[in-house]
Amino acid sequence: MDAQNKEVAALIEKIAGLQAAIAALPSLSPSPEVDRLFTDLVTACVPPSSVDVTKLSPEHQRMREALIRLCSAAEGKLEAHYADLLATFDNPLDHLGRFPYYSNYVNLSRLEYELLARHVPGIAPARVAFVGSGPLPFSSFVLAAHHLPDAHFDNYDLCGAANERARKLFGASEDGVGARMKFHTADVADLTQELGAYDVVFLAALVGMAAEEKAKVIAHLGAHMVEGASLVVRSAHGARGFLYPIVDPEDIRRGGFEVLAVHHPEGEVINSVIVARKAVDAQLSGPQNGDAHARGAVPLVSPPCSFSTKMEAGALEKSEELATKELAF
């Protein structure tokens with residue numbers, strides 16, 4: 001076994017050990033032990049790696065799928081915990097930096113907006129949907145407050161309790177950003193005519209955790225979004241595929257979209273970003289005039305901007321003062 005294969009094997013073994021330890025926890029609610037294990041997991045998965053999670057053994061593939069579901073459950077509990085904490089303040093939006101990974105959302109939302117602006121020139125959406133917004137819809141808030149000041153955001157989540165928490169924090173005001181953010185409890189599979197109203201749809205990383213589930217969601221969006229509307233899909237790359245599902249750009253193309261760009265960031269921004277556009281009928285019919293998009297070739301793009309993205313393994317211990325200073329616009 002060469003050095004690279006040994007490195008990959010060691011990484012998989014380490015992640016499998018962490019998955020077993022996390023699965024054995026009595027609860028995934030925030031606690032020192034939960035925080036420690038997930039910090040170790042993120043630290044192991046974030047650095048660049050040659051691991052290809054699509055080629056894992058069946059045993060390790062089952063481990064990965066179980067780990068992603070554990071990450072999803074823990075993320076939900078972490079966000080619910082901090083949503084309740086923020087709700088105790090008179091002005092919750094002044095304290096968003098208390099959430100230990102808020103800077104990730106700030107940078108990811110900025111990245112998504114800049115990729116959209118680069119690949120969909122002149123985009124100025126009036127209505128935006130965010131599918132899978134959760135109890136702390138930071139992405140919608142950052143986009144609405146700092147990048148799309150004229151857009152109205154409809155946030156969709158399966159969990160009514162998550163929407164109630166989000167509404168209390170972000171949708172309570174009748175003016176400003178809050179007036180442009182609405183929250184709906186719904187399964188995206190039940191949305192049909194509603195999807196035709198949006199200029200841009202954002203699909204959260206944990207909506208459809210298995211590949212076939214994600215492909216089904218994308219195909220549903222493709223069936224009901226209007227031609228020319230944009231789709232932004234969060235994915236993962238390399239070892240980060242142990243934290244979040246990896247989306248095959250071909251599944252997006254088969255769902256009725258023209259894939260405009262795929263971006264794999266490094267550092268603090270964990271999710272990859274895929275930008276696509278609902279294709280017109282002519283684009284769905286196959287290759288024309290040597291069109292690279294029609295053939296399924298996907299442009300891999302470099303960062304549209306430079307971020308200070310050094311991952312801090314001790315993110316859970318960052319102080320509010322430091323976080324607030326770093327996140328100031």
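Bear in mind that the values here come from a model prediction, so they are computed numbers and not experimental data.
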Over all atoms of both residues, closest heavy-atom pair of [X] and [Y]:
X	Y	value
His152	Ala179	ND1-O, 4.2 Å
Leu243	Cys71	O-CB, 4.0 Å
Tyr102	Val142	OH-CG2, 3.9 Å
Ala80	Pro135	N-CG, 3.8 Å
Ile274	Ser235	CD1-CB, 4.2 Å
Ile246	Val53	CD1-CG2, 3.2 Å

- Message: Quick test of your reading of the model: are Arg253 and Glu250 salt-bridged, counting only N-O distances below 4.0 Å?
- Response: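 Judged by the 4.0 Å cut-off on N to carboxylate O distance, Arg253 and Glu250 do form a salt bridge.
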- Message: Looking at Arg69 and Glu213, is any side-chain nitrogen of the basic one under 4.0 Å from a carboxylate oxygen of the acidic one?
- Response: yes
Hey, does the side chain of [X] reach the backbone of [Y] with a donor-acceptor pair shorter than 3.5 angstrom?
X	Y	result
Lys214	Met209	no
Arg64	Gly241	yes
Lys14	Leu41	no
His237	Pro265	no
Asn155	Phe130	no
Asp154	Lys182	no

- Listed partners of His81 passing ring-ring contact (aromatic ring centres under 6.0 Å, His included), at least two apart: none
- Task: Quick one: do Tyr244 and Arg234 satisfy side-chain contact (heavy atoms from CB on, under 4.5 Å)? Show the steps, please.
- Result: CA-CA 9 Å; Tyr244 292 102; Arg234 293 178 178 178; over 6 Å; no
Distance check, rounded to the nearest 0.5 Å: [X] atom [atom1] versus [Y] atom [atom2]?
X	Y	atom1	atom2	answer
Thr185	Glu164	OG1	CD	7.0 Å
Leu11	Phe242	CG	CZ	6.0 Å
Asp90	His95	CG	NE2	8.0 Å
Arg277	Leu116	CZ	CG	10.5 Å
Leu148	Tyr113	CG	OH	6.5 Å
Leu86	Asn91	CG	CG	11.5 Å

- Task: Give the C-alpha distance, both sets of side-chain angles, the deciding distance and a yes or no for side-chain contact (heavy atoms from CB on, under 4.5 Å) between Val275 and Glu112.
- Result: CA-CA 8 Å; Val275 176; Glu112 289 172 326; over 6 Å; no
- Candidate list Tyr101, Tyr82, Tyr105, test ring-ring contact (aromatic ring centres under 6.0 Å, His included), partner Phe138, passing option: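 It is Tyr105, the one option of Tyr101, Tyr82, Tyr105 that forms the ring-ring contact (aromatic ring centres under 6.0 Å, His included) with Phe138.
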- Message: Between Tyr156 and Val188, does the side-chain contact (heavy atoms from CB on, under 4.5 Å) criterion hold? Intermediate values first, please.
- Response: CA-CA 8 Å; Tyr156 292 95; Val188 64; over 6 Å; no
- Message: Test side-chain contact (heavy atoms from CB on, under 4.5 Å) on Leu93 and Phe141; report intermediate values, then the result.
- Response: CA-CA 10 Å; Leu93 301 187; Phe141 173 74; 3.9 Å; yes
- Message: Taking CD in Glu13 as the centre, count heavy atoms belonging to other residues, nucleotides or ligands within less than 6.0 Å. Is the count above 12?
- Response: no
- Item | side chain to side chain contact (heavy atoms under 4.5 Å, CB included) partner of Phe170, the single match among Ser133, Pro137, Ser140 |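 When side chain to side chain contact (heavy atoms under 4.5 Å, CB included) is applied between Phe170 and each of Ser133, Pro137, Ser140, only Pro137 qualifies.
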Please examine the side chains of [Y] and [X], heavy atoms only from C-beta on, and report whether any two atoms are closer than 4.5 Å.
X	Y	value
Ile270	Leu108	no
Asp52	Val8	no
Leu221	Phe257	yes
Lys278	Leu231	no
Leu191	His224	no

- Task: Determine the sole option in Arg98, Lys77, Lys168, Arg165 for which the salt bridge (charged side-chain N to carboxylate O under 4.0 Å, His left out) test with Asp84 is passed.
- Result: Arg165
- Apply salt bridge (Lys or Arg N to Asp or Glu O under 4.0 Å) to Glu65 and list each qualifying residue two or more places apart in sequence or on a separate chain. none
